[in-house]
Structures are given as C-alpha cells and as structure tokens.
Amino acid sequence: MVRQLRWVGTASLAVSLTLGAGGCERSKTGSPSKEEGPVVAIVGEGRITKQEFEAKLAEQPSFVRSRYSSQEKKKEFLDNLVRFELLVQEARRRGLDSNPEVRAMLEKVMVQQLVKTHTESAGGAAVGDEEARAYFDANVSEFVKPPRVRVNQLLLKAPRGSPERAKALAQAARLSAEIQRSENVKQAFDTAVRAHSQDTMTQAHGGDLGFLTRDEMVAAGGESLAESAFALKAIGQLSAPIETDTGVHLLLLQARQVGLNQTFDQVKSRIVQRMESERRAKALDDLVQSLKDKIQVEVKEDVLAQVNPETLTTTPLPQKEPGARAP
C-alpha cells in the first residue's frame with residue numbers, strides 16, 4: 001500500500017508518523033507493492049496518488065482550498081507533499097526509523113489511535129434525550145441547589161418563658177456591643193464564643209455551623225434563626241440577638257453560596273458529553289482488562305525496588321528490536 005502522507009504547511013514542515021494500514025508497504029525490491037489510483041508525482045521509490053493529493057487538499061478549510069484552483073497553485077500545494085516525502089525517504093536512509101526516540105513516539109501515536117478507534121466503536125450509540133433526562137432526574141441535586149449560608153453562632157441557653165431568658169438577652173446585647181466596638185469583629189466574636197457560648201458542639205470551633213440551606217437552618221434552630229441568618233448580607237456582619245425556643249443567639253456571617261436552578265435544557269449538552277466520556281472510559285477499561293486476561297503480565301518486584309526516582313537523569317533509550325520481549 002502506498003505510504004499515506006501528512007500535510008505540510010508552506011511556512012514549516014510538520015513531521016507526522018503514519019500507522020497501521022496507513023503506512024507504506026514496500027516489496028523486497030523497494031518499490032511500492034500497490035498503487036491506488038492515478039499517480040500525480042513519483043518521488044524516488046514513493047508515489048503520491050491523486051487520491052492522496054485530494055485527501056490532503058480536502059483537509060484544508062474551504063477558503064484555503066479556493067486558493068488552489070489553478071494548475072500553478074496545485075503544483076505549489078503538491079510541492080509541499082513532495083518535500084515531505086523526500087524528507088521521509090532521507091530519514092529512512094539515515095536509519096531514523098530505528099531510532100529509539102522515533103520508536104517511542106510511534107508507540108505513543110499508535111496507542112492514541114488505538115484508544116480513539118476502539119472507544120469510538122465500542123463506546124456505543126450516542127446518548128439520547130431519554131438517557132440524558134434519566135441522568136438529570138437521578139442527579140438533580142447537582143443541577144438544582146438552594147442558596148446556603150455559613151454562619152458562626154454564639155448561644156446562650158435560656159428556654160422561652162424561663163427566668164434566665166431576660167438575663168440571656170441582656171448578656172447577648174452586651175456581648176454584641178463589645179464585639180462591634182472591636183477593631184477585628186471576627187476575632188472578637190471567636191473569642192466571645194469560646195468564652196461564653198453554651199453550644200458544646202460548636203464552641204471549640206468558634207461556633208461554626210457550616211453551610212446550611214434555609215430548611216436546614218429551620219430544622220436546626222427554628223424559623224427566626226433561619227430568617228436572621230439569611231438576612232445577613234455582608235461577610236463579617238453580626239446579627240442582633242435572636243430569640244428561639246432554645247435560648248438567645250448571635251450570628252456572624254462567614255460566607256454565602258448562590259443557589260442553582262438549572263433546567264434540563266440548560267445542562268443537556270453537558271450531561272451528554274459526560275455520559276459519552278464515561279462510556280468511552282469504560283470501553284477502554286474493558287479493553288485493557290480483556291488484554292490482561294489474555295496476556296500474561298509479570299512485575300519484577302526486585303528490579304522495581306532498585307529504581308530511585310531522586311537519582312534519575314535523562315538518558316537515551318536503549319536500542320530495542322521491535323517486538324522484543326522483556327527478560
């Protein structure tokens with residue numbers, strides 16, 4: 001089969017490696033074993049067919065192709081393919097096709113092509129609307145999220161109606177005034193929490209309640225606590241004393257998170273891309289596992305233990321015959 005050529009721009013030569021059936025199959029005499037259609041140029045032992053020429057021209061954007069309508073311009077385009085073929089033949093004459101770095105690069109490209117072709121063929125059909133909708137419904141919490149706030153709390157326990165309530169209110173008002181007079185409100189609040197808060201679960205952490213939605217805040221402390229927490233707008237803002245059934249609270253706003261309310265149509269393309277990517281990854285994993293099941297893999301633990309990454313330097317790869325087995 002005639003060597004498949006890669007396009008080389010007029011400003012520079014881009015060296016590409018060809019793989020598998022796209023490579024050149026030569027007879028023992030050195031001549032091509034097969035010609036595919038009319039030949040537009042003979043370059044030493046190589047041939048550039050009309051089909052190859054048209055394929056390379058078709059790779060160019062339409063506005064670029066329009067420049068090559070005349071015979072002169074087509075020759076100019078062909079000259080780039082000729083130049084590339086000359087360099088390929090010279091590289092082979094110099095034995096560069098046996099160079100370890102070239103072989104390593106070829107192996108990388110072959111693996112990339114294998115992964116591409118296998119995952120495209122084994123990845124299954126494109127993700128349809130029903131599958132994407134099912135994914136959306138099963139993961140709706142990722143796309144629809146209520147707003148959340150993160151607050152620190154100072155709690156003075158005093159059940160509603162108890163004699164301690166008035167005392168707790170007065171203490172909360174006094175602490176609030178002291179905190180707001182401080183040059184560093186956040187630090188002063190943290191100090192007050194550790195000294196006075198009666199919420200043993202959060203006292204050691206400065207009263208941090210973590211991120212909570214409005215419903216979670218209601219469940220934790222009641223409607224009035226949630227109302228006050230979500231009314232805080234500025235980071236570092238201190239609330240007025242808040243009365244709940246448990247006692248009297250002071251809240252300090254740490255952070256806010258804006259809610260998400262994305263519809264299926266808004267995230268459909270992202271879901272499709274994700275599902276198709278997951279399918280391709282699974283197809284590749286299945287391929288690798290099937291190869292492991294068929295091909296024996298033996299790890300030389302003693303040799304591996306001798307490798308010290310900290311002492312490594314870049315050295316040329318040792319010459320290795322194609323298909324050589326590890327000892």
Side-chain angles (χ1 to χ4, degrees), residues 132-268 270-271 274:
R133 168 64 76 172
Y135 184 97
F136 177 83
D137 292 340
N139 299 274
V140 68
S141 61
E142 179 182 345
F143 309 106
V144 179
K145 297 180 180 180
R148 302 193 302 171
V149 294
R150 184 175 183 179
V151 294
N152 287 33
Q153 168 186 255
L154 189 157
L155 170 62
L156 302 173
K157 291 185 177 180
R160 197 182 296 276
S162 69
E164 292 83 9
R165 177 59 68 106
K167 180 180 178 181
L169 278 170
Q171 184 181 5
R174 185 176 68 255
L175 288 172
S176 176
E178 291 175 358
I179 292 169
Q180 294 189 78
R181 284 198 300 268
S182 173
E183 293 182 0
N184 190 325
V185 171
K186 185 176 181 179
Q187 183 176 345
F189 185 86
D190 183 82
T191 300
V193 168
R194 297 177 190 276
H196 303 286
S197 182
Q198 295 172 312
D199 182 1
T200 56
M201 296 292 291
T202 63
Q203 184 183 26
H205 306 289
D208 188 3
L209 297 179
F211 277 103
L212 296 173
T213 65
R214 187 182 187 88
D215 289 343
E216 290 170 339
M217 186 69 74
V218 170
E223 185 65 39
S224 59
L225 192 69
E227 186 72 25
S228 298
F230 278 83
L232 298 172
K233 301 301 181 184
I235 304 301
Q237 182 180 353
L238 181 67
S239 73
I242 307 158
E243 293 189 70
T244 67
D245 292 340
T246 304
V248 181
H249 308 250
L250 291 176
L251 298 178
L252 183 75
L253 181 64
Q254 281 198 62
R256 301 182 68 92
Q257 285 184 344
V258 179
L260 288 176
N261 190 21
Q262 298 172 299
T263 66
F264 171 68
D265 288 337
Q266 289 175 318
V267 298
K268 175 184 171 183
R270 180 157 37 116
I271 290 175
R274 179 183 301 179

Give the table of side-chain donor-acceptor pairs shorter than 3.5 Å for residues 168-176, with sequence neighbours excluded, one pair per line with atom names and distance.
unit_1	atom_1	unit_2	atom_2	d
S176	OG	Q180	NE2	3.1

Next item on the list: Any pair with a residue in residues 224-242 that passes side-chain hydrogen bond (donor to acceptor under 3.5 Å, both in side chains), sequence neighbours left out, goes on the list, sorted by first then second residue, please.
Entry: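 Listed by first then second residue: R214-E227.
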### Message
Tell me which pairs pass side-chain hydrogen bond (donor to acceptor under 3.5 Å, both in side chains) where either residue lies in residues 188-197, with sequence neighbours left out.
### Response
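For residues 188-197: D190-R194.
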* Asked: What pairs meet the salt bridge (Lys or Arg N to Asp or Glu O under 4.0 Å) rule with one or both residues in residues 241-254, with sequence neighbours excluded?
  ->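 Found R160-D245, R165-E243.
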Salt bridge (Lys or Arg N to Asp or Glu O under 4.0 Å): which pairs involve residues 137-148, sequence neighbours left out?
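Applying salt bridge (Lys or Arg N to Asp or Glu O under 4.0 Å) to every pair that reaches into residues 137-148, excluding sequence neighbours, yields E142-R274.
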Identify, with sequence neighbours excluded, every residue that meets side chain to side chain contact (heavy atoms under 4.5 Å, CB included) alongside [X].
X    : value
R150 : D208, F211, Q254, A255
A132 : V127, F264, I271, V272
T263 : D265, Q266
A177 : R181

Minimum heavy-atom separation for [X] and [Y], please, with both atom names.
X    : Y    : answer
A229 : V151 : CB-CG1, 4.3 Å
I235 : R256 : CD1-N, 4.2 Å
V193 : G207 : CG1-N, 3.6 Å
V218 : A226 : CG2-CB, 3.5 Å

message = Could you tell me if the side chain of L232 sits less than 4.5 Å from the side chain of L251, heavy atoms only?
response =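 Yes, at least one pair of side-chain atoms sits under 4.5 Å.
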*asked:* In the structure I gave you, are the side-chain heavy atoms of P241 and L250 within less than 4.5 Å of one another anywhere?
replied: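 Yes - at least one pair of side-chain heavy atoms lies under 4.5 Å apart.
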How long is the span from the [atom1] atom in [X] to the [atom2] atom in [Y], to the nearest 0.5 Å?
X    : Y    : atom1 : atom2 : value
L225 : L212 : CG    : CG    : 9.5 Å
K186 : L238 : NZ    : CG    : 13.5 Å
F230 : L253 : CZ    : CG    : 10.0 Å
T246 : L156 : OG1   : CG    : 12.0 Å

- [ ] Only counting residues at least two apart or in another chain, list the ones meeting salt bridge (charged side-chain N to carboxylate O under 4.0 Å, His left out) with E178.
- [x]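 Result, salt bridge (charged side-chain N to carboxylate O under 4.0 Å, His left out) vs E178: none returned.
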Quick one: ring-ring contact (aromatic ring centres under 6.0 Å, His included) pairs with a partner in residues 150-180, sequence neighbours left out?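 Applying ring-ring contact (aromatic ring centres under 6.0 Å, His included) to every pair that reaches into residues 150-180, excluding sequence neighbours, yields nothing.
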Do Q262 side-chain atoms and V267 backbone N/O form a donor-acceptor pair below 3.5 Å?
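Not at all, since once roles are kept as given, no pair shorter than 3.5 Å links the two residues.
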With sequence neighbours excluded, what pairs up with F143 under the ring-ring contact (aromatic ring centres under 6.0 Å, His included) test?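 For F143, the residues satisfying ring-ring contact (aromatic ring centres under 6.0 Å, His included) (neighbours in sequence not counted) are F136.
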